[in-house]
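Quick caveat, the model's predicted, so the values are computed rather than measured. Computed from heavy atoms alone, side chains included, the values below leave out hydrogens, waters and symmetry copies.
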Amino acid sequence: MKEKVILAYSGGLDTTAIIPWLKENFDYDVICCCIDCGQGEELDGLEERAKLSGASKLYIEDIVDDFCDNYIVPCVQAHAVYENKYLLGTSMARPAIAKRLVEIARKEGASAICHGATGKGNDQIRFELGIKALAPDLKIIAPWRMTDVWTMQSREDEIEYCKQHGIDLPFDASHSYSRDRNLWHISHEGLELEDPANEPNYDDLLVLGVTPEKAPDEGEYVTMTFEKGVPKSINGEEMKVSDIIRKLNELGGKHGVGICDIVENRVVGMKSRGVYETPGGTILYEAHQQLEELVLDRATYEVKEEMGNKLSQIVYEGKWFTPLREAVQAFIESTQEYVTGEVKFKLYKGNIIKAGTTSPYSLYSESLASFTTGELYDHHDASGFINLFGLPLKVRAMKMQEVEGK
């Protein structure tokens, strides 16, 4: 009986060519597994393509709600943003995918998992760290790193290889953007983006929305509610998190929100340039932070900001299934106990403009913040506070005067 391999299958040219390659070089029984994180129409026709290419079975696993509830929400609560710009769209999805690949491997009694990530990118790290953490006994096959066996170097090579194995598929050799899509975002790399000196060709590039210039001339007000840091409704309609993201994607795309051109530092050491569309995610991050400003005290807010940056690095580097991620997330969740309330904002030509925030747990006191004197604050107390707060500065200045006067 042949050994089984689970192939992380997208239906694209790379993973389609890998099916006959695995059979030819390893004599595996190839079981394809496509993990649906919200790719949309990209999943159309996959079963026929996988079987035509020689797979014995295809799983299409819908993990959209798991992805939203257990991976996206913790990152939103943490305000985890890699290098101050990237909202972790691909990074968050990879551990969720790896987990389901391992589950299918166990179900099928497979001895290996294969992925089509390149040897230059971050995804190979994310997939493999997830698999190692959850199933250290499973073999991992990464064709693009096996240059002695994987000899294809271009799309033309892969198309020819497929034809030689009786697989005539609707792919052509013309290059297009390299994209990764899920419910949270879509990333674009390649073509003119490979040179940071080039402006992105947004007319050809954008999928989820329009540029701010092409957005409506009228702004649109949106109201959201949160309970313990979890989004619950849009404009008075309660929805599950995945539907909230879908609705925010629609609204954000319409108004040119969430387009980000980044040169980022990959884990493997090189810089890469990409354009990310995250319309709904950008709104959700901003709305959540708008509420947190009201309810978190200063000291907690400062440490939470540090923990959010730490979580972004953990997720970006593929270290989701680690004690450190669990510990950081536990801290973040403890800060969300009172992040409950309503936020209102206006979407207008790429901007998210505050229009009012309320919370039963708001720490904002109008009487304290106003210029009128309230009972809780005695202006005279500020004199002693400033004397003590500024004491180190004063002592140093006195010492410098003494030294310089000699």
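- No side-chain donor from either of S187 and R179 sits under 3.5 Å from a side-chain acceptor of the other.
- The environment of M270 atom CE is dense: over 12 non-hydrogen atoms of other residues, nucleotides or ligands sit within 6.0 angstrom.
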* Give the C-alpha distance, both sets of side-chain angles, the deciding distance and a yes or no for side chain to side chain contact (heavy atoms under 4.5 Å, CB included) between T151 and M146. => CA-CA 8 Å; T151 57; M146 303 170 69; over 6 Å; no
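- Salt-bridge annotation for K254 and E220: present, with a side-chain N of the basic residue lying under 4.0 Å from a carboxylate O of the acidic one.
- Between K57 and D29 there is no salt bridge, since no side-chain nitrogen of the basic residue lies less than 4.0 Å from a carboxylate oxygen of the acidic one.
- Side-chain N/O atoms of E83 and N265 include a donor and acceptor closer than 3.5 Å.
- Of all heavy-atom pairs spanning W144 and T118, the tightest one is CB-CA, 3.9 Å.
- For the pair R181 and E41, the salt-bridge criterion is met [side-chain N within less than 4.0 Å of a carboxylate O].
- For the residue pair E227/T340, the side-chain donor-acceptor check at 3.5 Å is not satisfied.
- We find the CZ-CZ distance between R94 and F127 to be 4.0 Å, quoted to the nearest 0.5 Å.
- Using a 4.0 Å cut-off between a side-chain N of Lys or Arg and a carboxylate O of Asp or Glu, R298 and E302 qualify as a salt bridge.
- Side-chain atoms of D381 and F385, non-hydrogen and from C-beta on, never get closer than 4.5 Å to each other.
- Taking 4.5 Å as the limit, every side-chain heavy atom of V76 sits out of range of all side-chain heavy atoms of V73.
- Side-chain polar atoms of T90 and D180 form a donor-acceptor pair below 3.5 angstrom.
- Under 4.0 Å is where a charged nitrogen must lie from a carboxylate oxygen, and between K99 and E103 at least one such pair does.
- Not a single donor-acceptor pair under 3.5 Å links the side chain of S362 to the backbone N or O of S359.
- Side-chain atoms of S56 and V30, non-hydrogen and from C-beta on, never get closer than 4.5 Å to each other.
- A salt bridge is absent between E158 and R155; no separation between the charged side-chain nitrogens and carboxylate oxygens falls under 4.0 Å.
- Considering all non-hydrogen atoms of both residues, P143 and I18 come closest at CG-CD1, 3.9 Å.
- Taking 4.0 Å as the cut-off between side-chain N and carboxylate O, R145 and E128 count as a salt-bridged pair.
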* **Verdict with reasoning, Q329 to W320, per side chain to side chain contact (heavy atoms under 4.5 Å, CB included)** => CA-CA 10 Å; Q329 187 174 331; W320 186 274; 4.1 Å; yes
* To do: Mind running side chain to side chain contact (heavy atoms under 4.5 Å, CB included) on N249 and R246 for me, showing each step along the way?
  => CA-CA 5 Å; N249 275 336; R246 288 186 182 96; 5.5 Å; no
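- Side-chain contact between L13 and I159 is present, with at least one heavy-atom pair separated by less than 4.5 Å.
- A heavy-atom distance below 4.5 Å is found between the side chains of M224 and L248.
- Partner of I6 under the side-chain contact (heavy atoms from CB on, under 4.5 Å) criterion, out of C33, C32, S111: C33 alone.
- Note: Y86 and H185 have tilted aromatic rings, judged against thresholds of 30 and 60 degrees for the angle between ring planes.
- Rounding to the nearest 0.5 Å gives a distance of 13.0 Å between CE of M239 and NZ of K232.
- Between K228 and E337 there is a salt bridge, since a side-chain N of the basic residue sits under 4.0 Å from a carboxylate O of the acidic one.
- Closest of all the heavy-atom pairs between A55 and K51 is O-CD, 3.6 Å.
- The minimum heavy-atom distance between G121 and R266, with the atom names listed, is CA-NH1, 4.1 Å.
- The closest side-chain donor-acceptor pair between E189 and Y276, if any, does not fall under 3.5 angstrom.
- Side-chain contact between N351 and V257: absent, with no pair of heavy atoms (C-beta onward) separated by less than 4.5 Å.
- Between the side chains of E342 and T225, no donor N or O sits under 3.5 Å from an acceptor N or O.
- The aromatic rings of F67 and Y71 are tilted relative to each other, their planes meeting at an angle between 30° and 60°.
- Looking only at side-chain heavy atoms (C-beta outward), V230 and Q77 come within less than 4.5 Å of each other.
- No donor-acceptor contact under 3.5 angstrom links the side chains of S312 and N309, judged on distance only.
- More than 12 non-hydrogen atoms from other residues, nucleotides or ligands lie less than 6.0 angstrom from CG of N387.
- Panel note: side chain S154, backbone D157; a donor-acceptor pair is recorded below 3.5 Å.
- Side chain of K23 to backbone of G54: a donor-acceptor contact under 3.5 angstrom is found.
- Salt bridge status for K304 with E292: present, with a side-chain N to carboxylate O gap under 4.0 Å.
- Considering only heavy atoms from C-beta on, C37 comes within 4.5 Å of I97 through its side chain.
- Atom-to-atom distance recorded for D36:CG and R100:CZ is 10.5 Å, nearest 0.5 angstrom.
- Using a distance-only test at 3.5 Å, with no hydrogens or angles considered, no donor-acceptor pair links the side chain of R126 to the main chain of P95.
- By the 30° and 60° cut-offs, the orientation of the rings of F226 relative to H288 is perpendicular.
- Side chains of Y364 and E293: no donor on one and acceptor on the other come within 3.5 Å.
- Within 6.0 Å of CZ in F321 there are more than 12 heavy atoms belonging to other residues, nucleotides or ligands.
- Residue E326 qualifies as enclosed at atom CD: its count of foreign heavy atoms under 6.0 Å is above 12.
- For the pair K4 and Y28, the cation-pi test (distance below 6.0 Å, angle within 45°) is failed.
- Between the side chain of Q290 and the main chain of K344, a donor-acceptor pair closer than 3.5 Å is present.
- Rounded to the nearest 0.5 angstrom, C75 SG and I314 CD1 are separated by 10.0 Å.
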* Asked: Going through the checks in order, is the side chain to side chain contact (heavy atoms under 4.5 Å, CB included) test met by V5 and I113?
  -> CA-CA 5 Å; V5 61; I113 293 177; 5.8 Å; no
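- Note on D261 versus R273: salt bridge recorded, some NZ/NE/NH1/NH2 to OD/OE distance being below 4.0 Å.
- K132 NZ: 12 or fewer foreign heavy atoms inside a 6.0 Å radius.
- Using cut-offs of 30° and 60° on the angle between ring planes, the pair Y285 and W184 is tilted.
- At most 12 non-hydrogen atoms from other residues, nucleotides or ligands lie less than 6.0 angstrom from CD of E47.
- Ring geometry, H165 versus Y161: the interplanar angle falls from 30° to 60°, so the pair is classed tilted.
- A side-chain donor-acceptor contact under 3.5 Å links Y9 and T16.
- The line from OG1 of T300 to CD of E305 is 12.5 Å long, rounded to the nearest 0.5 Å.
- Considering CD1 of I31 and CD of E108, their distance stands at 3.5 Å, rounded to 0.5 Å.
- D203 and K214 are joined by a salt bridge, as a carboxylate oxygen and a charged side-chain nitrogen come within less than 4.0 angstrom of each other.
- Other residues, nucleotides and ligands contribute at most 12 non-hydrogen atoms within 6.0 Å of the OH atom of Y221.
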